[in-house]
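Step one of this worksheet: look at the structure below.
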2 protein chains.
Amino acid sequence: MVPRVRIKDVAMLAGVSTATVSRTLSSPETVGQKTREKVIKAVKATGYRINGAARDLRQRRARSILILAPNLSNTFFSQIFAAIQEEASEVGLTVQISDSRIGRDRLLSLGQDGRADGIVLLDGGLDPDVVNGWNLPLIQLSEWNIAYDAPRLGIDNHAAADLAVEHLAGLGHRRILHVSGPQENVLAVTRQEGFLAGAKKRGIDQSVFPGDFTLEAGAEAARFWSTMQHRPTGVFCASDECALGFISECAHMGFEVPGDVSVIGFDDIDFADRFLPSLTTIHQPRNEMGRTAAKRVIAMMRAAQGEDAEPAPDLKDSIKATLVDRASTGRAAL
Amino acid sequence: MVPRVRIKDVAMLAGVSTATVSRTLSSPETVGQKTREKVIKAVKATGYRINGAARDLRQRRARSILILAPNLSNTFFSQIFAAIQEEASEVGLTVQISDSRIGRDRLLSLGQDGRADGIVLLDGGLDPDVVNGWNLPLIQLSEWNIAYDAPRLGIDNHAAADLAVEHLAGLGHRRILHVSGPQENVLAVTRQEGFLAGAKKRGIDQSVFPGDFTLEAGAEAARFWSTMQHRPTGVFCASDECALGFISECAHMGFEVPGDVSVIGFDDIDFADRFLPSLTTIHQPRNEMGRTAAKRVIAMMRAAQGEDAEPAPDLKDSIKATLVDRASTGRAAL
DNA sequence: GAATCGGATGTAATCGATTTCAATGGTGCC
DNA sequence: GGCACCATTGAAATCGATTACATCCGATTC
């Protein structure tokens with residue numbers, strides 16, 4: 001182990017005080033020309049890097065954003081993470097990630113140990129006491145929970161579900177099955193409500209199969225669907241994975257999509273476009289979601305640290321979901 | 001903003017010194033029964049949480065692992081991230097992630113600002129000076145670079161490619177096309193070498209189409225394939241995305257998989273199993289990879305901090321890739 | 001020439017924990 | 001009873017930066 005270079009070493013080498021070195025690095029304009037040069041030379045010579053822990057302690061901030069999601073391996077989050085990290089990196093912040101289902105105590109610690117100064121929360125299922133107990137700038141993204149005392153950002157899931165129904169109805173489908181997500185999930189419930197409202201509004205014969213967003217649930221729903229007496233001709237799945245599972249199982253059972261049944265998904269994951277048939281779905285702009293959430297929470301962090309000379313930039317609150325019409329939906333057979 | 005509770009406040013409330021509070025929290029067995037109880041009561045009453053920055057500074061460690069990957073939105077990494085975070089969380093470490101393509105200086109800082117004490121590197125394309133300059137426990141995962149002075153972990157890509165060739169050859173294919181990855185990528189090059197060696201060994205007529213792992217490259221390769229005079233009957237793609245792109249484009253052009261051409265991918269991403277046809281591919285155990293890498297780097301961190309009373313657990317170094325035989329490959333037509 | 005001003009720099013306090021070292025008091029043994 | 005020992009505890013040093021405050025010095029003003 002090479003002994004680390006400290007600010008004192010640099011100061012000594014440059015023949016100045018540590019205060020001057022610190023100033024040279026953080027606000028060079030307050031240091032004299034010649035001194036500045038000496039210091040910079042010494043910094044280069046020693047390969048000095050500021051010790052983050054020391055700086056964080058003194059400044060009572062962590063220069064770090066914490067992302068919490070209920071399941072890091074869910075590929076839906078990947079682009080969101082990437083977008084947040086990009087925004088963060090741009091302003092010199094680091095990014096921590098953690099699964100949000102790691103136990104109450106650990107979770108509380110994450111938000112209270114002073115090593116993060118802002119949070120992007122992608123989980124609406126946590127104990128509100130924990131979330132509100134963090135007392136940090138926080139934004140809810142995608143999922144939400146009204147008990148959390150924090151702004152939220154995401155698409156209008158109710159309206160998006162209505163888009164799906166509208167699309168199927170427009171193609172002449174009069175019987176539609178909804179494969180829902182887990183009932184404890186806000187997104188699932190809201191999409192289902194949107195579906196039900198949309199179906200009712202249009203006088204459509206609806207039914208719901210309880211799923212859980214997974215491929216397997218979709219496959220199971222397909223098997224159920226095949227046994228129905230009056231088979232719905234349209235199916236709206238609460239997630240793309242679920243829709244792919246449905247279609248895949250249909251193929252195995254000898255049904256054609258969209259010939260025998262039109263299927264529409266939700267999310268527009270990467271493979272939706274390349275699946276066979278390509279999947280009609282509701283597009284969630286995940287990149288934009290991550291980016292906007294990051295900007296928001298960064299603005300909140302600035303404000304919390306009293307740097308809010310200028311007000312936080314005006315960011316639009318709601319993100320617009322759109323329907324992408326591909327090959328998995330078609331006219332209803334008569 | 002609620003003023004944070006400091007250790008001093010707890011000490012005062014419990015009527016003891018800060019040293020005793022600290023000890024109660026980190027090594028309770030050294031504190032008297034009654035004192036311990038008083039302190040714990042005071043901790044609960046105040047809701048005290050240790051300030052991470054202060055502790056990190058004093059102990060000269062960060063309790064954090066840094067993950068670096070060339071593109072966070074690549075869904076191949078999701079499971080790896082999840083596995084690493086799980087292992088880390090279990091031993092009380094936090095996880096930072098960053099794109100590894102953020103510029104030399106930022107990158108150097110990440111490994112030198114003392115806010116991480118171990119690194120899992122998923123990028124073999126960084127400047128070796130930067131990587132070796134970190135001087136932190138580090139493990140290379142999946143991708144690697146011999147110029148990095150650090151252990152590596154991953155599957156044997158050469159052998160895995162041979163598995164693919166063997167499979168196709170076993171099905172009677174005598175002409176095989178390889179859709180490669182970018183030539184500056186170690187994985188791509190090694191897989192290609194394995195392919196070439198495997199083909200030569202078996203007297204197979206080979207050709208290579210230069211791709212870049214993406215869906216689009218696969219589609220492009222398919223268009224190229226369709227124009228070949230003696231069309232290969234087997235195709236080995238360097239990634240699953242690429243294979244899906246190939247198959248999808250084939251379908252659009254009216255070819256059948258595996259009727260007209262057998263396609264095999266690489267990685268076994270989540271959707272490989274549910275694609276139509278389901279994709280024969282080389283399975284990379286990403287969960288195990290992440291988990292093992294995390295264990296390794298944690299052991300290295302322990303050793304670096306002098307806690308290596310016991311030697312690091314004996315972890316197997318190489319991870320085994322296997323071929324998953326699904327529906328996208330079949331006997332070669334005569 | 002004295003007083004004033006302000007830019008550049010240094011000294012020392014500070015952030016909030018951990019840990020070394022010394023002091024204390026109780027216990028057991030002779 | 002006296003002494004050695006051990007378990008507890010506290011005072012103060014420490015980690016490595018930032019920053020409030022004091023100081024110094026040359027230039028400007030009257």
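Below, chain A is the first sequence line, B the second, and so on; all start at residue 1.
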_Using the rule given for side chain to side chain donor-acceptor pair (under 3.5 Å), can you reason through A/S73 versus B/S78, listing the C-alpha separation, both sets of side-chain angles and the distance that settles it, and then say yes or no?_
CA-CA 5 Å; A/S73 69; B/S78 308; over 6 Å; no

Taken in chain and number order and not counting sequence neighbours, the residues that satisfy side chain to side chain donor-acceptor pair (under 3.5 Å) with A/Q112 are none

Between CZ of A/R55 and P of D/dT19 the distance, given in whole Å, is 10 Å

Numerically ordered, the residues 23-42 of chain A set in heavy-atom contact under 4.0 Å with DNA chain C is A/R23, A/V31, A/G32, A/T35

Min and max contacting nt of DNA chain C in 5' to 3' order, chain B heavy atoms within under 4.0 angstrom, are C/dG16 to C/dT20

Once base and sugar-phosphate atoms are separated, protein heavy atoms under 4.0 Å mark nucleotides 22-27 of chain D, 5' to 3', with B, S and - as ------

**Asked** B/D123 and B/S100: side chain to side chain donor-acceptor pair (under 3.5 Å), yes or no, with the steps?
**Response** CA-CA 7 Å; B/D123 188 343; B/S100 50; 2.7 Å; yes

Applying side chain to side chain contact (heavy atoms under 4.5 Å, CB included) to B/A45 and not counting sequence neighbours gives B/L13

* **Any donor-acceptor N/O pair under 3.5 Å between D/dT14 base and B/R58 side chain** => yes

Would you say D/dG10 has OP1 or OP2 under 4.0 Å from some side-chain N or O of B/T20?
yes

Would one find more than 12 heavy atoms of other residues, nucleotides or ligands at under 6.0 Å from atom CG of A/D149?
-> no

Between CG of B/D113 and P of D/dT18 the distance, given in whole Å, is 12 Å

Assign each of A/A19 and B/Q59 the nucleotide of DNA chain D bearing its closest heavy atom; nearer the 5' end lies the nucleotide of B/Q59

So B/V21, base contact, sugar-phosphate only, or nothing? Heavy-atom distance under 4.0 Å. nothing

With five pairs defining each end axis, the helix from C/dG1-D/dC30 to C/dC30-D/dG1 comes out bent, to 10°, by 50°

Residues at least two apart in sequence or cross-chain that pass side chain to side chain contact (heavy atoms under 4.5 Å, CB included) with B/N185, listed by chain then number, are B/E143, B/P182, B/L187, B/A188, B/F213

Under 3.5 Å, side-chain donor or acceptor atoms of residues 29-36 of chain A against the rest of the protein: list the pairs with distances, not counting sequence neighbours.
| from | atom 1 | to | atom 2 | distance (Å) |
| --- | --- | --- | --- | --- |
| A/T30 | OG1 | A/S27 | O | 2.9 |
| A/Q33 | NE2 | A/E37 | OE2 | 2.7 |
| A/R36 | NE | A/P28 | O | 3.4 |
| A/R36 | NH2 | A/V31 | O | 3.2 |

Residues passing the side chain to side chain contact (heavy atoms under 4.5 Å, CB included) test with B/K41, sequence neighbours excluded, are none

All heavy atoms of B/I319 vs all of B/P285, minimum pair found to be CG2-CG, 3.2 Å

Minimal heavy-atom distance between B/N145 and B/Q140, with the atoms involved, is N-OE1, 2.8 Å

Residue pairs meeting side chain to side chain donor-acceptor pair (under 3.5 Å), one or both in residues 43-58 of chain B, sequence neighbours left out, come to A/D105-B/R49, A/S109-B/R49, A/R115-B/D56

B/I7 CD1 to D/dG10 P, in whole Å, measures 12 Å

Contacts of A/D99 meeting salt bridge (charged side-chain N to carboxylate O under 4.0 Å, His left out) (sequence neighbours excluded), chain-then-number -> none

With a cut-off of 3.5 Å and sequence neighbours excluded, list every side-chain donor-acceptor pair involving residues 19-26 of chain A.
| from | atom 1 | to | atom 2 | distance (Å) |
| --- | --- | --- | --- | --- |
| A/T20 | OG1 | A/S17 | OG | 3.3 |
| A/T24 | OG1 | A/T20 | O | 2.6 |
| A/S26 | OG | A/S22 | O | 3.0 |

